[in-house]
Amino acid sequence: MAVWSRAVVRWRCRATNLTRGFCYKPFENNLKVPPAAVSPASCREAKGRNVRWVFLGCPGVGKGTYAARLSKLLGVPHIATGDLVRQELSSHGPLASQLADIVNQGQLISDEIVIDLLSKRLEAGESKGETGFILDGFPRTIRQAEILEGVTDIDVVINLKLREDALIAKCLGRRTCSECAGNYNVACIDMKGEDGKTRMYMPPLLPPLHCETKLIMRSDDTENVVKERLRIYHEMSQPVEDFYRMRGKLLEFDLPGGIPESWPKLLQALNIYDDEDKKSAAA
Ligand SMILES: Nc1ncnc2c1ncn2[C@@H]1O[C@H](COP(=O)(O)OP(=O)(O)O)[C@@H](O)[C@H]1O
C-alpha cells in the first residue's frame, strides 16, 4: 500500500480513539474569538480535558515556545512536526538526505511524508496512553488541514502573529544547546513603532552559563532561508488560517512582546486562569 494510503488508514483508525473522551464542543459560530471551546477553566480543570489544539503562525513567531508551555501546564503532548522532521534528519535514515535539501531550501516537505511522520508519532503516544495534543507546525497546507479535520475534532487553533521584521530577527537569534536541547534566543528586539506599527520589545532569552559554549543554530535559520520560509508560509499556510476562521475555530493572538508580557495574556485569551500565573510567566 502506498505511504499516503497507509497514513490515511492509520489516521482514520486513530480518529476513533482520539475522539473518545472529547470534552469540548465544536464552535457554532465563525467569530474572531472562539468562545465555547475555551470556556473558563482553572489549570487543574483544563488538565482534565483532552485538548486538541493547533498552533499556527509564521516561522519564528514562538509556536514552539508557547505550545511547550501550554503542554506542560495542561499535561498534553506538544507535537511539533518540525521536530519530527529534524529527528528524521538526524537519524540518517533513507529519507534524511532527501529531506535535508528541502528543509535547507526553506521548502515544505510533501504532505504524504509529514503525515506519515505525524501518524507514527501519534501511534507511539497512543500506545503510551497519551490523549489529546497540542500540534505545532501542522497543518501547513489546506490538504493537511482537510485530512486532520476528517479524522479528529480540533477544538482551538491559535494563530500567533508578530511583525515580519521581528520574525526575521527572532529566527536569526535562535540557539539550541547541543547537550541539553534547551531553546534560547540571543536577539534583543527593540523595534520602534514606525509606519503605524506598535513598538515591539522582546528581551533575549539567554542560556545558563553551562550551555553558553554549546549553542548551535538550525541550518535553515539563515536570512535567505528564513525569508523563503516566510514567503512559503504566506503562499501555502496562510490559507489554512482562513480554513479554520471559516469554521469558527481560529483564535487570533497578536504577541504584545516577550514571554513575560505575552504568556499571561495568552492564558487569558484561552480562558485559562491560574493562581500561579505570575510565577510561570517569570519562569
Ligand atoms: N506540516 C509540515 N508540512 C510540510 N513541511 C513541514 C511541516 N512541518 C515542518 N515541515 C518542514 O520542517 C521545516 C522546519 O519546520 P519548523 O521547525 O516548524 O519551522 P518554522 O520555524 O519555520 O515554523 C519546515 O521548513 C519544513 O521544511
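Order of listing sets the numbers, starting from 1, for every ligand and every atom in it. The residues of the chain are indexed from 1 along the displayed sequence.
The shortest N or O to N or O distance between R218 and ligand 1 is below 3.5 Å. In terms of polar-atom proximity, defined here as any N/O pair under 3.5 Å, F138 makes no such contact with ligand 1. For T81, a nitrogen or oxygen atom sits less than 3.5 Å from a nitrogen or oxygen atom of ligand 1, counting backbone and side chain alike.
Ranked by closest heavy atom to atom 26 (C) of ligand 1, the top entry among Q107, M236, Q105, Q144 is Q107.
A donor-acceptor pair under 3.5 Å is absent between the side-chain atoms of Y184 and the main chain of C177, judged by distance alone.
At the top of the distance list for atom 22 (O) of ligand 1, counting protein heavy atoms only, stands R229 NH2, 3.0 Å. When hydrogens are left out, the protein atom nearest atom 15 (O) of ligand 1 is G82 CA, 3.5 Å; that is the closest non-hydrogen contact. With hydrogens left out, the protein atom closest to atom 9 (C) of ligand 1 is R140 NH1, 3.4 Å, a heavy atom. Protein heavy atom closest to atom 11 (C) of ligand 1, with residue, atom name and distance, is V85 CG2, 4.1 Å. Scanning all protein heavy atoms for the shortest distance to atom 1 (N) of ligand 1 gives G137 O, 2.9 Å.
Salt bridge present: D221 and R229 bring a charged side-chain N and a carboxylate O closer than 4.0 Å. Ion pairing between E146 and R143 holds under the 4.0 Å rule for side-chain N and carboxylate O. A salt bridge does not link D111 to R140: none of the charged side-chain nitrogens sits closer than 4.0 Å to a carboxylate oxygen. For K161 and E241, the salt-bridge test fails: no basic side-chain N is under 4.0 Å from an acidic carboxylate O.
A heavy-atom distance below 4.5 Å is found between the side chains of R69 and I259. Using a 4.5 Å cut-off on side-chain heavy atoms (C-beta onward), S237 and L56 make no contact.
Within ligand 1, counting atoms from 1 as listed, the ones closer than 4.0 Å to a heavy atom of K63 are 23 (O). Residue-ligand proximity, I109 to ligand 1, at heavy-atom distances under 4.0 Å covers atoms 4 (C), 5 (N). Within ligand 1, the atoms closer than 4.0 Å to a non-hydrogen atom of R174 are 21 (O), numbered from 1 in the order shown. Short contacts between ligand 1 and V103, defined as distances under 4.0 Å to a heavy atom of the residue, involve ligand atoms 27 (O).
Across Q87, E130, E126, a single residue satisfies side-chain hydrogen bond (donor to acceptor under 3.5 Å, both in side chains) together with R121, and that is E130.
At a 4.0 Å heavy-atom cut-off, ligand 1 touches R86 through the side chain alone. The side chain of V114, and not its backbone, has at least one atom closer than 4.0 Å to an atom of ligand 1 (non-hydrogen atoms only; side chain from C-beta on).
In the hydrophobic clustering of this structure, L205 groups with L167; members are Ile, Leu, Val, Met, Phe, Trp, Tyr whose side-chain heavy atoms approach within less than 4.5 Å, directly or through other members. Linking Ile, Leu, Val, Met, Phe, Trp and Tyr whenever their side-chain heavy atoms come within less than 4.5 Å puts I147 and L118 in one cluster.
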